[in-house]
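Below is one structure, written out as structure tokens; the observations come after it.
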Amino acid sequence: MSTVRDGLPVSEGISFGPVRILRWGVPDVPHETIGEEQIESEVARFHEARDWAQRRLLEIQEGTEERLGSLEARIFEPQLLMLEDTEVLEGTERYIRENRLTAARAFHWRMLELQALWVRTANPMVLDRLNDLEDLMSRVLRRLLGLPEPGDMTGNGDPAILVARNITPSLTVQMDPEHTLGIATEQGTRTSHWAILARSMGIPAVAGLVDLTGLTEDGEQAIVDGRIGRIVLNPDERDRRVYQQRKVRIREWEDELAAIARLDAVTLDGQPVALRANLDIPAEAHRAVEHGAEGVGLFRTEFLVVGRSSMPQEEEQYEAYRQVADAFPNRAVVIRTFDLGGDKFPMFLHMPAEENPFLGWRAIRVCLDRLELFRPQLRAILRATAHGDVRILLPLVNDVEEVVRVRELLSEEEDRLRRDGIPFHSGYKLGILVETPAAALDAAELARHCDFFSIGTNDLVQYTLAVDRTNARLSNLYNPFHPSVVRQIHQVSRVARAAGIEVSVCGELAANPLGAFLLLGLDITALSVAWPSLPEVKKVIRSFRIEVAREAARKALAAPTSAAVTSCLVEGLGDAVDLSAFSGRWSLSIPS
Ligand code: PEP
Ligand code: MG
């Protein structure tokens with residue numbers, strides 16, 4: 001009998017093979033004390049291990065840069081910083097000297113203390129940082145205890161699907177994609193550092209598979225489907241056939257998509273749609289162009305800060321923004337100001353631990369409090385306006401005052417640029433992400449102060465339903481087709497139309513076929529999706545008439561449950577689209 005488990009899709013691809021369970025955890029450290037005469041030699045041993053770990057990490061970082069690029073290489077910065085952190089170094093030395101602990105025990109204690117401190121924040125991004133901490137702890141302790149390095153466990157042996165409680169970035173980059181058929185873990189999310197690396201390396205991966213390591217054993221056959229976030233353990237002949245066919249169909253579909261990228265994004269009856277791309281780094285701009293993006297609807301800028309040891313300079317930012325603007329001449333390029341906090345913490349801000357970081361010091365709130373961070377960003381974006389239709393997007397806005405304050409800051413920075421003779425285009429647009437119920441309900445007031453709205457459904461769903469978007473256990477409850485969400489989107493769309501400002505959607509909902517159909521039906525004709533989804537969404541848009549979408553949306557607005565909303569959309573879309581080939585969690589295609 002096969003066993004099927006669903007988790008989070010974190011890296012695309014379908015693979016078949018035997019399971020290998022990775023038991024890489026932090027090694028057991030015996031509790032041993034030392035005599036006074038050993039203190040100096042233990043301190044020296046600790047420093048030797050630290051220096052060695054630093055060298056190894058730098059080597060791994062260098063190798064990563066060569067193989068995958070500089071952005072991926074930066075993933076190791078937090079660990080390198082920890083190795084220089086006086087709290088780690090002095091704390092460990094103190095335990096050796098004052099508590100007469102061995103170097104391994106002292107380092108272990110110090111790291112456990114830090115871990116306990118971080119765990120208390122109960123925040124999902126800290127889980128990613130904890131993952132970095134465990135990676136480092138394991139490396140240094142293995143050196144001190146004379147055990148093999150963590151990476152030694154991944155590469156050799158026959159090709160396999162690696163199963164683990166959790167995995168670390170350094171383990172991932174040491175995997176040989178020829179031997180690693182797939183990765184399946186209990187913990188982690190799409191934004192975990194190891195998941196980002198797995199995507200860059202093209203290894204299919206699924207995270208958030210609750211209790212997985214207890215369900216399988218070494219050598220058991222499995223199928224990993226990273227497109228829908230599923231593992232099938234002990235598959236039978238029928239399972240194998242289904243997933244083989246799926247693999248073939250997805251390949252055919254991708255060939256077809258390449259042709260679609262060149263077509264216009266219009267409905268069957270000619271309603272044009274501004275189909276733009278979401279970018280996380282500037283290097284994605286050319287991929288977005290290839291995939292037929294009509295501009296950038298959301299350029300996230302956190303790559304400039306997360307995992308960095310110092311604030312990004314204006315010049316570096318300007319270059320990044322300009323690079324994207326240059327890739328899209330005469331097209332909208334919407335740059336979102338730093339969306340920090342929540343699950344993204346730059347080290348240099350020393351953000352306080354919070355009980356509820358998603359309800360805490362986040363996004364525009366951080367920027368308005370830390371002008372030394374915000375002003376250079378505004379200046380860099382203003383300078384980029386000289387290179388195209390560059391627009392500014394503010395995340396997590398709830399209040400008109402926040403927009404008014406940003407306008408004041410912008411006007412001050414414009415004056416400075418003028419004084420310094422630096423060019424910019426003064427007709428740029430300023431908009432907000434509507435991603436809280438407060439903003440959706442107060443949209444009419446906010447519209448008077450904004451040039452455009454972009455609805456961030458990823459957060460809007462989380463805040464409306466009170467469901468943490470990063471909690472794998474709650475992924476069934478995180479439903480963007482909930483009637484309360486549909487009604488808010490409708491309300492924001494109506495308000496924007498009445499105010500004569502553009503409204504777009506840049507959350508994942510826009511990349512879902514039923515979502516795109518619904519949004520067009522709600523008269524939202526600007527969508528922004530991750531660049532790989534562009535052709536898929538375009539194909540959907542080209543498959544129906546706008547009146548049909550409007551009719552389905554009207555019915556969906558009156559539907560009492562999420563399931564009823566989905567049914568209205570499925571019915572409305574009819575056979576126009578083969579939903580079975582699509583990626584995404586709400587896809588109806590998931591084989592049963
Ligand atoms: C959103 O919240 O929908 C959004 C697009 O922003 P992010 O996913 O970066 O929070
Ligand atoms: Mg958001």
Side-chain angles (χ1 to χ4, degrees), residues 70-71 74 276-286 288-289 293-306 308-340 346 348-349 363-395 397 401-433 449-452 454 501-502:
S70 59
L71 208 82
R74 281 224 182 94
R276 303 180 184 135
N278 292 351
L279 305 184
D280 290 321
I281 53 172
E284 290 174 327
H286 77 277
V289 172
E294 281 179 43
V296 175
L298 171 68
F299 181 18
R300 296 184 172 96
T301 54
E302 293 75 44
F303 74 96
L304 288 158
V305 273
V306 172
R308 295 281 199 93
S309 48
S310 59
M311 281 200 201
Q313 302 297 305
E314 176 186 324
E315 206 55 37
E316 177 190 5
Q317 295 190 52
Y318 165 63
E319 283 305 326
Y321 305 154
R322 194 184 119 151
Q323 189 182 331
V324 175
D326 285 346
F328 289 95
N330 308 317
R331 298 285 192 189
V333 171
V334 180
I335 302 180
R336 180 177 72 184
T337 58
F338 297 131
D339 188 0
L340 302 172
F348 57 80
L349 271 187
I364 191 67
R365 304 167 190 176
V366 173
C367 286
L368 287 179
D369 282 351
R370 300 296 293 267
L371 295 182
E372 74 278 20
L373 174 72
F374 197 31
R375 282 184 186 273
Q377 180 171 43
L378 293 179
R379 249 190 332 264
I381 305 178
L382 283 175
R383 288 172 59 190
T385 60
H387 301 274
D389 180 5
V390 170
R391 307 177 185 180
I392 303 177
L393 179 64
L394 307 174
V397 166
E401 282 93 341
E402 290 160 333
V403 186
V404 170
R405 178 71 184 124
V406 174
R407 286 226 188 258
E408 280 167 13
L409 291 169
L410 280 166
S411 141
E412 286 166 21
E413 294 309 327
E414 284 179 29
D415 286 346
R416 279 189 54 186
L417 290 175
R418 265 189 219 103
R419 256 199 328 268
D420 296 343
I422 299 174
F424 68 97
H425 169 63
S426 57
Y428 64 85
K429 292 193 162 78
L430 175 69
I432 63 163
L433 258 171
H449 297 266
C450 297
D451 303 316
F452 66 95
S454 182
I501 63 174
E502 184 188 272

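These values consider heavy atoms only, across backbone and side chains, with no hydrogens, waters or symmetry-generated copies.
Annotation: salt bridge (Lys or Arg N to Asp or Glu O under 4.0 Å) contacts of Glu315 (sequence neighbours excluded): Arg383. Take Asp369 and apply the side chain to side chain contact (heavy atoms under 4.5 Å, CB included) test, not counting sequence neighbours, and it matches Trp361. By the side chain to side chain contact (heavy atoms under 4.5 Å, CB included) test, Leu371 pairs with Phe374, Arg375, Arg405, Leu409, sequence neighbours left out. Scored by the side chain to side chain contact (heavy atoms under 4.5 Å, CB included) test, Gln323 finds Pro282 as partners (sequence neighbours excluded).
Atom CG in Asp389 sits 10.5 Å away from atom CZ in Arg331 (nearest 0.5 Å). Rounded to the nearest 0.5 angstrom, Leu393 CG and Thr337 OG1 are separated by 7.0 Å. Asn278 CG to Ser454 OG: the interatomic distance, rounded to the nearest 0.5 Å, is 8.0 Å. Distance check: Glu319 CD to Gln313 CD gives 13.5 Å after rounding to the nearest 0.5 Å. To the nearest 0.5 Å, atoms CD (Glu414) and NE2 (His425) are separated by 10.5 Å. Here the CZ-CD1 distance, from Arg391 to Ile335, works out to 11.5 Å after rounding to the nearest 0.5 Å.
Residue pairs meeting the salt bridge (charged side-chain N to carboxylate O under 4.0 Å, His left out) criterion with at least one partner in residues 419-433, sequence neighbours excluded, do not occur; the list is empty. Residues in residues 313-337 take part in these ring-ring contact (aromatic ring centres under 6.0 Å, His included) pairs, two or more places apart or across chains: Tyr318-His387.
More than 12 heavy atoms of other residues, nucleotides or ligands lie within 6.0 Å of CD in Glu412, so this atom counts as buried by the packing criterion.
Annotation for Ala325 and Val333: closest pair CA-CG2, 4.1 Å, computed over non-hydrogen atoms. When all heavy atoms of Arg336 and Thr301 are compared, the pair lying nearest together is O-OG1, 2.8 Å. Closest approach of Leu304 and Glu316 over heavy atoms only: CD2-OE2, 4.1 Å. For Leu382 against Tyr428, the heavy-atom pair with the smallest separation is CD2-CE2, 3.3 Å. Among all heavy-atom pairs drawn from Asp339 and Ala363, the shortest one is OD1-CB, 3.2 Å. Heavy atoms only, all atoms of each residue included: Cys450 and Ile432 are closest at SG-CG2, 3.7 Å.
Ion pairing between a basic and an acidic side chain is recognised when a charged N comes within 4.0 Å of a carboxylate O; Arg416 and Glu314 show no such pairing.
For the pair Ile392 and Leu394, the minimum side-chain heavy-atom distance is below 4.5 Å. Counting heavy atoms from C-beta on, the side chains of Gln377 and Ile381 come closer than 4.5 Å. Here the side chains of Val305 and Met311 are not in contact, with every heavy-atom distance at 4.5 Å or above. Considering only heavy atoms from C-beta on, Val406 comes within 4.5 Å of Leu368 through its side chain. Leu298 is not listed as a side-chain neighbour of Val334, based on a closest heavy-atom distance of 4.5 Å or more.
Asp451 places a side-chain N or O within 3.5 Å of a backbone atom of Leu430 that can act as its donor or acceptor partner.
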